[in-house]
Amino acid sequence: MSTPSTPAEFERFSAGPWPATPQQAIALQNQLRPLARVEDPGPDQVYTVAGIDVAYRTDDDVIAAAAVVLDAETLAPLETATAHGRAAFPYQPGLLAFRELPAIAAALEKLTIPPDLLICDGSGLAHPRRFGLACHLGVLLDLPTIGVAKTPVGPYRMPDPPRGSWTEIRDDDGVVGRALRTRENVKPVFVSVGHRTNLTTACAHVLRLCRHRLPETTRRADHLARHALANSPSGESVPPTTRAQP
DNA sequence: GCGACAG
DNA sequence: ATCTTGTCGC
């Protein structure tokens, strides 16, 4: 999935240098936020769905990102790709994207099948500055994205037990996501829009992708990332990534 | 000052 | 994220 020409590639580079401090990272989020389209109709046809995830190693800061493409109809795997890297930022709540994004983008660029939709492991609008990983990836890659987080960003009411039940997740200014029950009586997932779709459509997609609690896209990407990390070149042979100051 | 805080 | 044993249920 090389994303050449077009606005997409342009925006990636116009986004400026990699932030060196959390303050710069926050400024960049605030700058990019208006570019996220969070009430779009969503893509007309979704034939292929991609998922991404990252696995970490604690001794060094080597990480592995995995991307998978599934047939949206059958959920059969069509293509996979991985990329090694190093955590590009110290983890801080609200700045996850800066930690994982370079490795994820590297994995996505190895795909040859262009996904019609990307499911992200983390949040989109449900974020302190309404610009989580899913928004960031969506804007930079010009791809419809959905954020599916395993833990909530703020307080939420527990949805009813049946699969498909949901409750709203709000911030001070309005609705930013839903706690969505993807399996009966199992802890919900936390869905928010990333880019070029809307919340109702996003939840419908997530529900279709869920055989278990988490979408098949992220489950497959999770397994693949772990596997890739286990077989990863250790330490010196992993390409360095620009790191930021704490 | 204290607790919360995607992965 | 990651470190971890057993356990309940389809």
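Atoms considered below: every heavy atom in the structure, side chains included; atoms not considered: hydrogens, waters and symmetry mates. Naming: A, B, ... by sequence-line order, numbering from 1 per chain.
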Does any residue of residues 204-227 of chain A have a heavy atom under 4.0 Å from DNA chain B, and if so, which ones, in number order? none

Once each nucleotide of nucleotides 1-7 of chain B is scored for protein heavy atoms under 4.0 Å, what B/S/- sequence comes out, 5' to 3'? ----BBB

Nearest 0.5 Å, what's the NE2-CZ distance between A:H136 and A:F131? 5.0 Å

Decide salt bridge (charged side-chain N to carboxylate O under 4.0 Å, His left out) for A:D121 and A:K150; before the verdict, give the C-alpha distance in whole Å, the side-chain angles of both, and the deciding distance to 0.1 Å. CA-CA 8 Å; A:D121 187 41; A:K150 294 182 284 294; 2.9 Å; yes

Scan side-chain atoms only and decide if A:H223 and A:R226 contain a donor-acceptor pair under the 3.5 Å cut-off. no

Verify same cluster id: A:L224, A:I113 (apolar side-chain graph, 4.5 Å): no

Using a cut-off of 4.0 Å between protein heavy atoms and nucleotide atoms, how would you tag nucleotides 5-10 of chain C 5' to 3' with B, S and -? ------

Name all stems that contain residues of DNA chain C, defined as runs of 3 or more consecutive Watson-Crick or G-U wobble pairs, both distances under 3.5 Å. none

Can you tell me which stems DNA chain B forms when a stem means 3 or more consecutive Watson-Crick or G-U pairs under 3.5 Å? none

Should A:L118 and A:L207 be counted in the same cluster of Ile, Leu, Val, Met, Phe, Trp and Tyr side chains packed under 4.5 Å apart? no

One should read off an interatomic distance between A:D53 CG and A:R220 CZ, to the nearest 0.5 angstrom, of 14.0 Å

Value for CZ (A:R33) from CZ (A:R129), rounded to nearest 0.5 Å, stands at 8.5 Å

Show the nearest heavy-atom pair for residues A:L180 and A:C203, with the distance to one decimal. CD2-O, 3.9 Å

To the nearest 0.5 Å, tell me how far A:L32 CG sits from A:L140 CG. 6.0 Å

Less than 3.5 Å apart, any donor N or O on the side chain of A:Y91 or A:E100 sitting next to an acceptor on the other? no

List the atom of A:P188, the atom of A:R181, and the distance in Å for their closest heavy-atom pair. CB-N, 4.1 Å

How long is the straight-line distance from NE2 of A:H127 back to CG of A:L96, given to the nearest 0.5 Å? 8.5 Å

Distance-only donor-acceptor pairs under 3.5 Å for side chains of residues 189-199 of chain A, two or more places apart:
unit_1	atom_1	unit_2	atom_2	d
A:S192	OG	A:G124	N	2.7
A:H195	ND1	A:R37	N	3.0
A:R196	NH1	A:D142	O	2.7
A:R196	NH1	A:D142	OD1	3.2
A:N198	OD1	A:T200	N	3.2
A:N198	OD1	A:T201	N	2.8
A:N198	OD1	A:T201	OG1	2.9
A:N198	ND2	A:D40	O	2.8
A:N198	ND2	A:P41	O	3.4
A:N198	ND2	A:T201	OG1	2.9

What's the shortest heavy-atom distance between A:V206 and A:P215, and which atoms? CG1-CG, 4.3 Å

Residue pair A:L214 / A:C210: nearest heavy atoms and the distance that separates them: C-SG, 3.7 Å

